[in-house]
Structure formats: structure tokens, C-alpha cells
Engineer: 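Here's a structure for you.
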Amino acid sequence: EVQLQASGGGLVQAGGSLRLSCAASGFTFDDYAIGWFRQAPGKEREGVSCISSSDGSTYYADSVKGRFTISSDNAKNTVYLQMNSLKPEDTAVYYCAAADDPSCGSSWYKAETMGYWGQGTLVTVSS
């Protein structure tokens, strides 16, 4: 059974940092691309970042480029999202998800690309 466990959310002041973790189990980590998505109140879920297990390629939404970094530790079956220079508009529930493909692909930012989802972790950035 594919399981994804997101953690690391919390309350932080604007300009601060957080690191989210996504622990994966129940599947061969190398066969799945892993993405981070977020959903703010009243808004649609949006893709934040994705990492391909095939070649380590990384992808970011324009809104987080230069501030967020996605990485993976295959030995621990864990993907991280380092979030720096946080802004109030980054406030959302953050979800990690896995795609049935080792590559993120050009549509990685679409929620329907992902086949498996973890529970969310809340990130609140105060101004």
C-alpha cells in the first residue's frame, strides 16, 4: 500500500524558513516522481514543486522559484521541501503526492497527474 506522510508544517513569521518532509512507504521509491502541492482557503490546489526519481530533475512554480528547494534522500525514502523567505501568501495546507511515473513531466503541476496523496501539513506565515 502506497503511503505518504507529510510533516514539518507550523507557524512562522514572514521571512522565516521551514522544512517539510514527505516520508514514503509501500512502493519502490525510485519508480515514482514526488510532488508538493498546496491549497489555501478558498483556492484550488496548486503544484509547488516536483522531483523526478529518474534523473533528479526538479521543477518549481514561478511563485516559489529561488525560495523553495526540493530534494530527496533515497536511502530514507523521504523528499524534503526547504522553504525560505516565506511570505504570508505561502500560507496553505501542503500535500506531498506521488506519480505513477519516475519523471515529473510537463504537467507535473496538475493535481490529476498524481496518483497517490498524503495527508496535508499546515503552513501559516504571519506578517
Side-chain angles (χ1 to χ4, degrees):
E1 178 186 5
V2 174
Q3 290 190 335
L4 300 163
Q5 181 77 32
S7 62
L11 174 64
V12 64
Q13 289 188 331
S17 298
L18 281 175
R19 189 178 78 158
L20 305 183
S21 298
C22 176
S25 62
F27 62 97
T28 304
F29 197 64
D30 291 347
D31 291 340
Y32 293 77
I34 303 293
W36 283 100
F37 289 72
R38 67 186 181 186
Q39 188 165 20
K43 295 189 176 181
E44 292 187 354
R45 192 168 297 189
E46 64 173 351
V48 175
S49 184
C50 187
I51 185 165
S52 297
S53 61
S54 56
D55 61 3
S57 297
T58 57
Y59 303 81
Y60 298 94
D62 288 343
S63 58
V64 307
K65 278 181 183 176
R67 299 188 298 122
F68 291 11
T69 303
I70 192 170
S71 63
S72 67
D73 184 337
N74 288 2
K76 296 183 178 180
N77 277 15
T78 300
V79 170
Y80 304 98
L81 186 68
Q82 178 66 43
M83 306 187 296
N84 298 330
S85 302
L86 283 161
K87 304 175 181 180
E89 51 263 44
D90 294 319
T91 295
V93 177
Y94 284 71
Y95 301 88
C96 62
D100 283 315
D101 194 301
S103 297
C104 293
S106 60
S107 299
W108 67 267
Y109 55 92
K110 297 179 180 178
E112 57 264 34
T113 300
M114 301 294 166
Y116 308 93
W117 292 84
Q119 93 297 347
T121 185
L122 177 63
V123 172
T124 303
V125 184
S126 63
S127 57

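Treat the numbers as computed from the prediction; the structure is a model and nothing was measured.
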Engineer: Would you give the length of the straight line joining atom OG of Ser57 to atom CD1 of Ile51, rounded to the nearest 0.5 angstrom?
Structural biologist: 8.5 Å
Engineer: How far apart are the closest heavy atoms of Ile34 and Cys22, and which atoms are they?
Structural biologist: CG2-SG, 4.5 Å
Engineer: Compute whether any side-chain donor of one residue and acceptor of the other, for Ser53 and Asp30, lie under 3.5 angstrom apart.
Structural biologist: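 The criterion, which ignores hydrogens and geometry beyond distance, is not satisfied for Asp30 and Ser53.
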Engineer: Which residues pass the side chain to side chain contact (heavy atoms under 4.5 Å, CB included) test with Thr69, not counting sequence neighbours?
Structural biologist: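 Partners of Thr69 by the side chain to side chain contact (heavy atoms under 4.5 Å, CB included) criterion, ordered by chain and then number, come out as Tyr60, Gln82.
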Engineer: Looking at Asp90 and Lys87, is any side-chain nitrogen of the basic one under 4.0 Å from a carboxylate oxygen of the acidic one?
Structural biologist: no
Engineer: Of Leu20, Leu81, Leu11, which is the lone residue that meets side-chain contact (heavy atoms from CB on, under 4.5 Å) with Val123?
Structural biologist: Leu20
Engineer: Using 0.5 Å steps for rounding, measure from the CG atom of Asp31 to the OG atom of Ser54.
Structural biologist: 10.5 Å
Engineer: Once side chain to side chain contact (heavy atoms under 4.5 Å, CB included) is applied, do any residues pair with Ser107, and if so which ones, sequence neighbours excluded?
Structural biologist: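 Ser107: side chain to side chain contact (heavy atoms under 4.5 Å, CB included) contacts with Lys110, Thr113.
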Engineer: For the residue pair Ser21 / Thr78, report whether a side-chain donor-acceptor contact shorter than 3.5 Å exists.
Structural biologist: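 Checked: Thr78/Ser21 side chains show no N/O donor-acceptor pair below 3.5 Å.
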Engineer: Which atom pair, heavy atoms only, marks the closest approach of Cys50 to Trp108?
Structural biologist: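 The pair with the smallest heavy-atom distance is CB-CE3, 3.6 Å.
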Engineer: So which heavy atom on Arg38 is nearest to which on Ala92, and how close?
Structural biologist: CB-CB, 3.8 Å
Engineer: Kindly indicate, with the supporting measurements, whether the criterion side-chain contact (heavy atoms from CB on, under 4.5 Å) is fulfilled by Met114 and Leu4.
Structural biologist: CA-CA 12 Å; Met114 301 294 166; Leu4 300 163; over 6 Å; no
Engineer: Here's a test for you: under ring pair (Phe, Tyr, Trp, His ring centres under 6.0 Å), which of Trp36, Phe37, Tyr94 qualifies with Trp117?
Structural biologist: Phe37
Engineer: Using the six-membered ring wherever Trp is involved, compare the ring planes of Phe27 and Tyr32 and label them parallel, tilted or perpendicular (cut-offs 30° and 60°).
Structural biologist: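 Ring orientation, 0 to 90° scale: perpendicular.
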Engineer: Working to the nearest 0.5 Å, report the span between SG of Cys104 and OH of Tyr109.
Structural biologist: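 Reported value, rounded in 0.5 Å steps: 13.0 Å.
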Engineer: Does NZ or CZ of Arg19 come closer than 6.0 Å to the centre of the six-membered ring of Tyr80, within 45° of the ring's axis?
Structural biologist: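 Yes, Arg19 and Tyr80 form such a contact.
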Engineer: For Thr91, does its backbone N or O pair with a side-chain atom of Thr124 as donor and acceptor, under 3.5 Å?
Structural biologist: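 Flag not set: sc Thr124 to bb Thr91 has no pair under 3.5 Å.
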Engineer: Just one of Thr58, Val64, Val48 clears the side-chain contact (heavy atoms from CB on, under 4.5 Å) bar with Ile70, so which one?
Structural biologist: Thr58
Engineer: Which value, rounded to the nearest 0.5 Å, describes the distance between Arg67 atom CZ and Met83 atom CE?
Structural biologist: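 Here the interatomic distance stands at 9.5 Å.
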Engineer: Quick one: OG on Ser52 to OH on Tyr59, what's the gap to the nearest 0.5 Å?
Structural biologist: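 If I round to the nearest 0.5 Å, the distance is 4.5 Å.
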Engineer: Return the CD to CD distance between Glu46 and Gln39, rounded to the nearest 0.5 Å.
Structural biologist: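 That separation rounds to 9.5 Å.
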Engineer: Taking side chain to side chain contact (heavy atoms under 4.5 Å, CB included) as the test, write out the residues that go with Val93, two or more places apart.
Structural biologist: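 Tyr95, Leu122.
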Engineer: Backbone N or O of Gln5 within a donor-acceptor pair of the Gln119 side chain at under 3.5 Å?
Structural biologist: no
Engineer: Could you go through the side-chain contact (heavy atoms from CB on, under 4.5 Å) check for Asp100 and Tyr116 one step at a time?
Structural biologist: CA-CA 8 Å; Asp100 283 315; Tyr116 308 93; 3.0 Å; yes
